[in-house]
Amino acid sequence: MLQNSMASISASSASSFSQDNEKLDLESVSALATTINEHINALLANDKAWMSLKLKCTSKLNIQKQPTFEFSEYSIVSNLYWGIEAIDAATQAKGVEERTSRLQNSEKMLQVPASLHEQGVTSGIPNDYLICCSYFYLSIVRKLQLDDWQAALHFLQALLVSPRLVQEEFAPELCQSILQLYIRHKRQERHGRPVSKSSVVNLDQDETNEVMGWMAKEYKAWLLYYQIMSNGEHGSKCSASRNTAIPDDKSRDAISGSANGNSQGTNRRGCYAEIIRDSRVKCLKDILTESQSDTPISIDSCNSSSTEETFPKESQRVSKISLKIRKKNAYNQQAEVVDQNLQAPPSKLHPEITVCGPQASKHLMLRADRELVVLDHLSRTLSNSLRDADVSVIRRIDIKSNVPIDGSSKKHTAQGNLELGNCRQSSLKEFATSKSHQFHQLHRTRSSASDIRMKSTSFGDALYQVQKHSEENSQIEQVQILEKLISNLCFSETLGKLDEDYTIEIATVYKLLNNRRGLKYSLLKDIILDQLLMAISTSKKEQVIRASVTILSTIVSGNKTIIEDIKRKGLQLYDLATALRKNVHEASILIYLINPSPEEIKMLEILPCLVEVVCTSNNYKDAITSILLTPRAASLMIIEVLVTAFDYTTNNMHLSTISSPRVLSGLLDIPGNNSLEEFTSLAAILVRCMRFDGNCRKFICEFAPIAEFISLLRSNQKRATSTALEFFHELLRMPRSSAIKLLQEIRKDGSNNSMSALVLLIQNSQPDQRLLAASLLLQLDTLEEASSKFMYREEAVKALLEPLTCEENSAKQALSAFILSNIGGTYSWTGEPYTAAWLAKKAGLTSLQHKNMIKNYDFSDESLQDAGIDTWCSKLAKRVMKFGTPVFHDLEKGLKSKSKKISRDCLTAIAWIGCEVAKSSDDLRFNACEILLSKIEQFVHPGFELEERLLACLCIYNYTLGRGMKKLIHFSEGVRESLRRLANATWMAEELLSVADYFQPNKWRISCVHTQTLEVGHSHNGAVTALIYYRGQLCSGYADGSIKVWDIKGQTATLVQDMKNHNKAVTCFALLEQGNCLLSGSADKTLKIWQMIERKLECIEVIATKEPIQSVDTYGQLIFTISRGHKMKLFDASRNAKDVFKNKSVKTMGVVQGKVYAGCMDSSIQELAITNSREQEIRAPTKKWMMQNKPINSLAVYKDWLYGASVVVEGSKIKDWRRNSKPQISVTSEKGANVLAMEVVEDFIYLNSSASRSSLQIWLRGTLHKVGRLSAGSKITSLLSANDMILCGTETGLIKGWLPL
């Protein structure tokens, strides 16, 4: 239908229309509005056409008639449907109020789909269809409200969104008509000459749609312009209110009458004509167009007389203006009206101005409406208010020059500073005579280089022109300058081409306006904010969004009170997050300045974007140096919120994203010099990173700017000092030698100042900060010479010990005990306290099995090999001991704490201090022994952790030297028995027992009573087939191939890990010294090597075998296995296998002291010397008929004794076995049954025989008397002894444990 019309278009190409910026006259625009309104009238008058169009639109919505709906995608489509239905209801309403109300409801509902983003799909319908349909019906609503030009605007917006849809479905005849108008206008632009036929071309449908889009865009801009220009003097005559009711006559008749020539648009046309009668008034569009070119603003286009007419004097201004801001809410279908009465000097009455302000709720403001409001503000302020804005006070000073202004001079930075003078209200004459002098004085002093720089920016170009003209024109040109500056905002597509100077200029203008009072300045500020917000939310160009965000950030940085205005105007965090995802890094600055709640930040899901900002170089391509806060710094402070403000799980989830070396490197590189807030945020983040992943500590220690964090300690801000204390407390949790180097670095950077600051913090801070400050102060003091100020040490020790005597189980008491327990010892790089492990080694702990009974320690860690620990411990202990017995009294109170952790930490502190006490004077040692010994004894008893028992033994050994040795006489039988049982783990226990017996011999009375302390398990995994302690946790293997890890605390067990990596039963466990690993053997013909990684058991290697594994043991890097076929093999470090005892069928084995002992099927015992591979038979097969064909089912080595179990349990010292001597002990099992499993400890031998597979027999190891039985309730399938406890696994999946009293 449109093809014939398109044939009349010039052949220069369809794209030529997009480049045509010629002015459209009022005649053409009025004709367009009249044509559109006549078509709408005709459509409403034709019931058949109306219903056909309505059915065509609503049928595609596929919606059911429901009176109510919830907000969702469905509700958006529902709003469109019911908005169309409401138009019908309005035309059929009888009363004026009812019609008005229905039209208002229709408009509100249609605005909901109109606010959608064009790209996307809603409920299966393309968004552009819904938007186009919404605007088309909004044009009909406005027509029914007698607002003809707004009706035309909405129609053009619909055409802009989808030219094809409007042409083909909604208004094909109308599209043809307005295209003909457009063609006639273009012919007139070409000097009235008709287009030659040779230049005529046919356009395809795509080109037609493109031309229609250009046409709609051009007509819409000029339609807006002429509508705006009519809203001054004639606004009340030419435009109806949005709330104007339809006449009382039937609506169809009224519309029909209008179509016959009484169109409202025609009446408006006469009003608009008055606007352009005076050629002296400069067209806004011309000004805006000029501002985009290199052509200077014409001075002749405006003179003083025309300015006085256009800009009435202040004394003749409005007396009272009621600004009604209508806030719509499309979600709840309610309208809220807020009246704000703004005062002005008395004058004649001014017409009421109705303005639709930007809305605070998401997707509420229609794009066309928003443009109308902004341009409406612009026209009013530029035509009535700009004369009072003193642009001349914006002054730029050169980099190194001192420019005299009003008799004064200032030196400015490399960028140049913007100075704002006092803006005062004045008349036109005062403005022209008094203020223009500053402009000319400024520019006369400029150098030519400065002139060139000034001309390089849009605003500077205008200022440069001002200096070349007479004073009488300065006021007019200043108005044009400000108009030109703001015009760049109105054409958002040019924002991306603007530079830093323009950003500074806009921010300065806004500051200037912000210092003035009155409606006109508020409106002008609204123009700036509205245009920036619209560009951020609607633009698809990254450069435009970046420029808008940067300008807005600069404005907000200068005046943070503007944030509330921005929020009220509807700036959405979602839009800023979207911009951030588009690599507009400056959006992070606005997000930070807006200061959203942590939950709001979390909902944005911007952490990955912030990480990219952090990892980006400081040299931004479009960096704006006028903004004090950089995108990376803003991102840093937002990240701080994300890793500190939530629960443990959420914080850790965020920390997992930023704990890599790449991100940490970026974080450490962000803060600028002397940026207190940034370094405080960085310190807070690093503290959380070190707590989350201890491996971060080494990286931070190597690359962090320590001097900057030291300066935080001297700050007057509480947050900075407390964060710095936490930072150093966390960072110093490293191996002692590395910690000493860090302390020396702190000491070099003003040690006295730092220590004085720490003393003040101890005296004035909160309890936790006091303890952290005292810890750091005491460590720094330890580095000083002995002659250093005693005051520092006294303050620190007093602050650390005092909480031990305070409220029981308080957090302060726990922190004090923790600090004291490790300040004289060491940590691993992961931050784990390793002081107790270091002391356990000093106590004589050597066995791999015993080391793995202690929790959380890797005894192969390099921190335990640190030679600097002993020296540090000695120096620090000497400083603490100078305070005498009060120190030990306070520690003794900590030992009595009901909190197990506090008492254990105090025991650790007593142990490392005791290492130096043993070298001190006998009097101090004896006094300390009297104070502490009775409390330390309790930790030796069975039932305490092996770590605690070893520390107690070390304390007794050090504190009872000299005179204190006689205190051993008073040991109770229970303490002596506990020391005897502990003798297998440490030589100190055995030596203490020998001394006690020397002073007072004791006849041992062994208690045979056992108490069950543990029962745990699951039945769905089958029998418990293997048990072992690894890294302080109990590991259990099951018949279904699964492995469980249990944390045993007293009489409770907590399952911490459950996994199934074997396909068949786990038959055995062993410990591999190299790497401190765990081995598991299985019937699935595999050996698996496990390692504890971040407190989780992970398989690191799999060794395949030819037969199912029955038993496994290790020595160094060597692995020994026994298969189900009784073949024994050796795997070396390269995992090459070779046979051992080839001629023997091996049933069981034990590896100890470089020897392998193998119990064979023929009842013999073989020995293999690992160093030289020499094999030897130390027990020959028995010849007794009752012992023939009875294999050795179990071997046990205890100290230097070897026990073998078959039908008979025999035991001798290993050297006697080698001599083939008769066994020193021999025990026959009850009823002659085979012994299936055996465990030997200090006092007892535990046997499980075939005669009673569900119970354990208890035999005294010294007298070989059977003293009791322990019932497991079902068949015992595995057996283990650990820390005096006997554990067994059963076929029902239960694990049971007993402890001898």
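Computed from a predicted model, the values in this text were never measured in an experiment.
Around the NZ atom of Lys812, the shell of radius 6.0 Å holds no more than 12 heavy atoms that belong to other residues, nucleotides or ligands. In this structure, Lys1199 places its NZ atom where more than 12 heavy-atom neighbours from other residues, nucleotides or ligands lie under 6.0 Å away.
Taken to the nearest 0.5 Å, the CD1 atom of Ile854 stands 9.5 Å off from the NE2 atom of His850. Leu845 contributes atom CG, which lies 9.5 Å from atom CE of Met853 (distance to the nearest 0.5 angstrom).
Without hydrogens or angle criteria, Gln1033 side chain to Tyr1030 main chain gives no donor-acceptor distance under 3.5 Å. Looking only at distances, a side-chain donor or acceptor of Thr1290 sits under 3.5 Å from a matching main-chain atom of Leu1294. Proximity of a side-chain donor or acceptor of Asn1248 to a complementary backbone N or O of Arg1253 within less than 3.5 Å is detected. The backbone N or O of Leu820 sits less than 3.5 Å from a side-chain atom of Trp912, completing a donor-acceptor pair. For Thr986 (side chain) and Ala843 (main-chain N/O), a donor-acceptor pair under 3.5 Å exists by modelled atom type. Side-chain N or O atoms of Ser903 include one that pairs as donor or acceptor with a backbone N or O of Ser899 at under 3.5 Å. Judged by distance alone, the side chain of Thr1013 and the main-chain N or O of Leu1299 form no donor-acceptor pair under 3.5 Å. The backbone N or O of Cys1008 sits less than 3.5 Å from a side-chain atom of His1010, completing a donor-acceptor pair. Listed for the Asp1084 side chain is a donor-acceptor partner under 3.5 Å among the backbone atoms of Thr1086. Here the side chain of Thr1277 pairs a donor or acceptor atom with the backbone of Gly1289 at under 3.5 angstrom.
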One pair to check against salt bridge (Lys or Arg N to Asp or Glu O under 4.0 Å): Glu1098 and Lys1088. What are the steps and the verdict?
CA-CA 10 Å; Glu1098 293 186 14; Lys1088 294 193 175 182; over 6 Å; no

Test side-chain contact (heavy atoms from CB on, under 4.5 Å) on Thr1025 and Ser1278 and set out the steps.
CA-CA 5 Å; Thr1025 52; Ser1278 56; 5.8 Å; no

Take Asn822 and Thr835 through the test side-chain hydrogen bond (donor to acceptor under 3.5 Å, both in side chains) and record every step on the way to the result.
CA-CA 6 Å; Asn822 296 286; Thr835 305; 3.0 Å; yes

If you apply the rule salt bridge (Lys or Arg N to Asp or Glu O under 4.0 Å), what do you find for Glu945 with Arg904, and how did you get there?
CA-CA 10 Å; Glu945 302 287 343; Arg904 183 174 64 245; over 6 Å; no

With side-chain hydrogen bond (donor to acceptor under 3.5 Å, both in side chains) as the criterion, how do Gln1257 and Ser1249 come out once you've worked through the C-alpha distance, each side chain's angles and the decisive distance to 0.1 Å?
CA-CA 8 Å; Gln1257 302 173 31; Ser1249 68; 3.3 Å; yes

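Scanning all heavy atoms of the two residues, the minimum distance from Met1092 to Leu1097 falls at SD-N, 3.8 Å. Of all heavy-atom pairs between Cys906 and Gly894, the closest is SG-CA, 3.5 Å. In this structure, Ala837 and Tyr857 approach most closely via the heavy-atom pair CB-CG, 3.7 Å. Shortest non-hydrogen contact noted between Cys1035 and Leu1078 is SG-CD2, 4.1 Å. Shortest non-hydrogen contact noted between Ile1122 and Met1128 is CG1-CG, 4.3 Å. For the pair Ser897 and Gln813, the tightest heavy-atom approach, listed with the atom from each and the gap, is OG-OE1, 4.3 Å.
Side-chain contact between Asn1061 and Trp1090: present, with at least one pair of heavy atoms (C-beta onward) separated by less than 4.5 Å. Lys1060 has its side chain out of reach of Ile1043: every pair of non-hydrogen atoms, C-beta onward, lies at least 4.5 Å apart. By the 4.5 Å heavy-atom criterion applied to side chains, Leu1079 and Ile1103 are not counted as neighbours. Counting only heavy atoms from C-beta outward, the side chains of Leu1256 and Leu1247 never approach each other to under 4.5 Å. With a 4.5 Å cut-off on side-chain heavy atoms, Asn1283 and Met1285 do not count as touching. Between Tyr834 and Glu832 the shortest side-chain heavy-atom distance falls below 4.5 Å. Proximity of Arg1031 to Asn856: side-chain heavy atoms (C-beta onward) are nowhere separated by under 4.5 Å. With contacts defined as side-chain heavy-atom distances shorter than 4.5 Å, the pair Val940/Leu979 qualifies.
A side-chain donor-acceptor contact under 3.5 Å links Gln849 and Ser847. Side-chain contact check for Thr649 and Asn652: no donor-acceptor pair (N or O, by modelled atom type) lies under 3.5 Å.
Pairs engaging residues 1113-1132 under the salt bridge (Lys or Arg N to Asp or Glu O under 4.0 Å) rule: Lys1129-Asp1139 [sequence neighbours left out].
A salt bridge is absent between Asp1040 and Lys1064; no separation between the charged side-chain nitrogens and carboxylate oxygens falls under 4.0 Å. The pair Arg1135-Glu1101 counts as a salt bridge, with a side-chain nitrogen and a carboxylate oxygen less than 4.0 angstrom apart. Comment: Asp866 does not engage Arg736 in a salt bridge, judged by the lack of any side-chain N to carboxylate O separation of less than 4.0 angstrom. Using a 4.0 Å cut-off between charged side-chain N and carboxylate O, Glu730 and Arg691 make a salt bridge. Lys851 has no carboxylate O lying under 4.0 Å from a charged side-chain N of Glu1073, or vice versa, which leaves the two without a salt bridge. Using a 4.0 Å cut-off between charged side-chain N and carboxylate O, Arg981 and Glu977 make a salt bridge.
Ring-plane geometry between His1018 and Trp1046 is classed as parallel, the angle between the planes falling under 30 degrees on a 0 to 90 degree scale with a further cut at 60.
The distance between the ring centers of Tyr1203 and Tyr1198 does not fall below 6.0 angstrom. Ring pair Phe939/Phe944: centre-to-centre distance below 6.0 Å. Outside the 6.0 Å centre-distance limit, the rings of Trp1298 and Tyr1246 are not counted as a close aromatic pair.
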